Amino acid sequence: MRTVKIAPDVFEIPPSEKKGMHVPARILASDALLAGMDEGVFRQITNVACLPGIVEHALCMPDGHWGYGFPIGGVAAFDLDRGVISPGGIGFDINCGMRLLRTNLTEQDVRPRLDALMTRLFERVPSGVGIKGFVRLDRDRFVEAVCGGARWCVDHGYGRLEDLELLEEGGCIPGAEPSALSDRALTRGKEQLGTLGSGNHYLEVQVVHPHNVYDESTARKLGFDRDHQIAVMLHCGSRGFGHQVGTDYLKIFQSAMKRYGIETHDRELACAPFKSPEGQQYFGAMVAAANSAFANRQVITHQIRAAFADVFGVDDRELGLEVVYDVAHNIAKIEEYEVEGRRRKLLVHRKGATRSFGPARSDIPDRYRDIGQPVIVGGSMETGSFLLVGSDETKIQTFGSTLHGSGRTMSRVAAKKRIRGDELQRDMARRGIIVKSASMRGLAEEAGFAYKNISEVVDVVERLGISRKVIRFEPIGNVKG
DNA sequence: ATGTTC
C-alpha cells in the first residue's frame, strides 16, 4: 500500500489505495516505528477509513498494532447524523484505562517493606481471569453502580469525595441505559467490582527518580514534589461486564447492518448508524460499561489505600495516596471540533488511544487548567511508564487524542516461548522489581521484550506536539492479573 | 481484553 510521508512523523495512505475509502488513513510514527508495524495495521486503518460518515481521516497512534476490527491505537471521528458507532473502535474492554496515585513516601521508606506491601496489595486486589471481588452486589444495586460510576463508590464508602474531581468525566458519564444491558452482562458484572482482571492489567508501585523529571514545575503541580517519590499506577477496565456488552452488540449490529444497507471490508467492523435505535442502545450500554470501569478503579483505589495502611500502620491519608488523574483509553465520546471551518459535534472513537486536551478547557480539573490534561501512559512492567500533559495541538491533529502505551511487538505465544514466568519473576527480583502474579504463564506474556521501546513511542507524540513529557516512572513492584 | 468455545 502506498504510504506517503506528509510531514515528520506523519504518514498518509490516500483514498485511492483502497476501494471505498472516504478519507485518507494517517499513521503517526517515526520511520523506524512505521517499518516495524504489522501489515494488519495498514489493512485495518484503511478499512476504518471506509466506514460511513467518517470525518477528515482515520488515525493510528505510534503505539498502534493489530486489533479486533480497528487497530489498537486507532482514532476515528464520525458525523453524528450520517456516521456510525462501532464496538470494534472502542474495544471489548470498554473504558480500559489508567489511574495514577501519588504518595508522600520515598523509595527509602518503601524498600524495607516492599515485599510485605506487594503481598498485601495482591491479597487486597483480586486478580486473574473470572475472579470475583470483595464487593458483591445484587442486580439492582449493580445497575445503580453502573449509572453512578465512581460517585456511587464514594457514596458507598469506597474512596474519598475529593477523588472524583480528578477523574475524566468525574468518574461518571451521563446517559447509562439500564434497559440496553443483557441479563448475562449484569450477571457477569455484579460481582467483579474491585478486581484487576488478567492480561496486561496490573497495579504497579513506581519510583520517580530525579533524572526522570522532564519538567519540574509541571511535575510539582501534579503532586510530584520530592526525590525518589513513590507513585501507584493502575491499569484495568470493565471486566466481564464490558466484554459482554461488546459481544452482545456485535451480534445485534451484524444483523442490523443488513437492514441499514451498510457493508464493510471486515466482519469485525460491525457497526450501526449512531442515531439508529441499535446505535443509541449500544451507546447507552457502553456508557454503563465505562462507568463500571471508573467504579472498578475507584474500589481498587480504596483497596490500595487499605493495603498501604495495613503495612505502614497509619491512616492512609497520612501516606498521601491522592488521585493524580484517571483516564480512559477505550471509549467513544461526543466532542466538538472545527472541521473545514465549521464547528461540529462528532463521535470520537478511541481504541487504545488517550484523550489529551490542552490547558484552559472546562472539561479538565481546575487545578490542571494551566498545565493541560494529565495523560497516563503505561509501559511494560519491566521498562517504566510516563505521565504526559495534553496540548491544544490535538484539536487540529488528532481529535483530542494521543497514544496509550508502548504497544506489543511480539505475540503472547512467542513471548511464552522465549521465557518462563518463574524465570522472569526471579530475574526481575534480582533487578529490584517484585512481581506477584495470578498466572505464571500470563506473566511471561508480559515480558518487557514483547513491547516496543516506550521512550521511542512517547518521543513521537512529543515531537508532534500533541502531548508533552513530564515524568517517567520506574517500577519496583507489580501485581499482575 | 474475556466465566480464553453458547
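Convention: sequence-line order gives letters A, B, ...; per-chain numbering from 1. Just so you know, these numbers come straight off a predicted model, no measurement behind them.
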Quick one: side chain to side chain donor-acceptor pair (under 3.5 Å) partners of A:Q425, sequence neighbours excluded? none
Without decimals, in angstroms, what is the distance between [X] [atom1] and [N] [atom2]?
X      : N     : atom1 : atom2 : value
A:Y68  : B:dT4 : OH    : P     : 17 Å
A:R239 : B:dT4 : CZ    : C1'   : 12 Å
A:I90  : B:dT2 : CD1   : P     : 17 Å
A:Q244 : B:dT4 : CD    : P     : 11 Å
A:D93  : B:dT2 : CG    : C1'   : 9 Å
A:H243 : B:dC6 : NE2   : P     : 10 Å
A:E445 : B:dT2 : CD    : P     : 12 Å
A:R412 : B:dT2 : CZ    : C1'   : 11 Å

Under 4.0 Å: is that the gap between some side-chain N or O of A:S198 and OP1 or OP2 of B:dT4? no
Judged by nearest nucleotide, the residue sitting upstream toward the 5' end of DNA chain B, A:V129 or A:H235, is A:H235
Is any side-chain heavy atom of A:F449 closer than 4.5 Å to one of A:I419? yes
Greater than 12 external heavy atoms within 6.0 Å of A:R151's CZ: no
Charged N to carboxylate O below 4.0 Å: is that the case for A:E123 and A:R120? yes
Could you tell me whether A:G199 contacts a base, only the sugar-phosphate backbone, or nothing, with contacts defined as non-hydrogen atoms closer than 4.0 Å? sugar-phosphate
Of all the nucleotides listed (B:dT4, B:dT2, B:dC6), which has the minimum atom distance to the side chain of A:R184? B:dC6
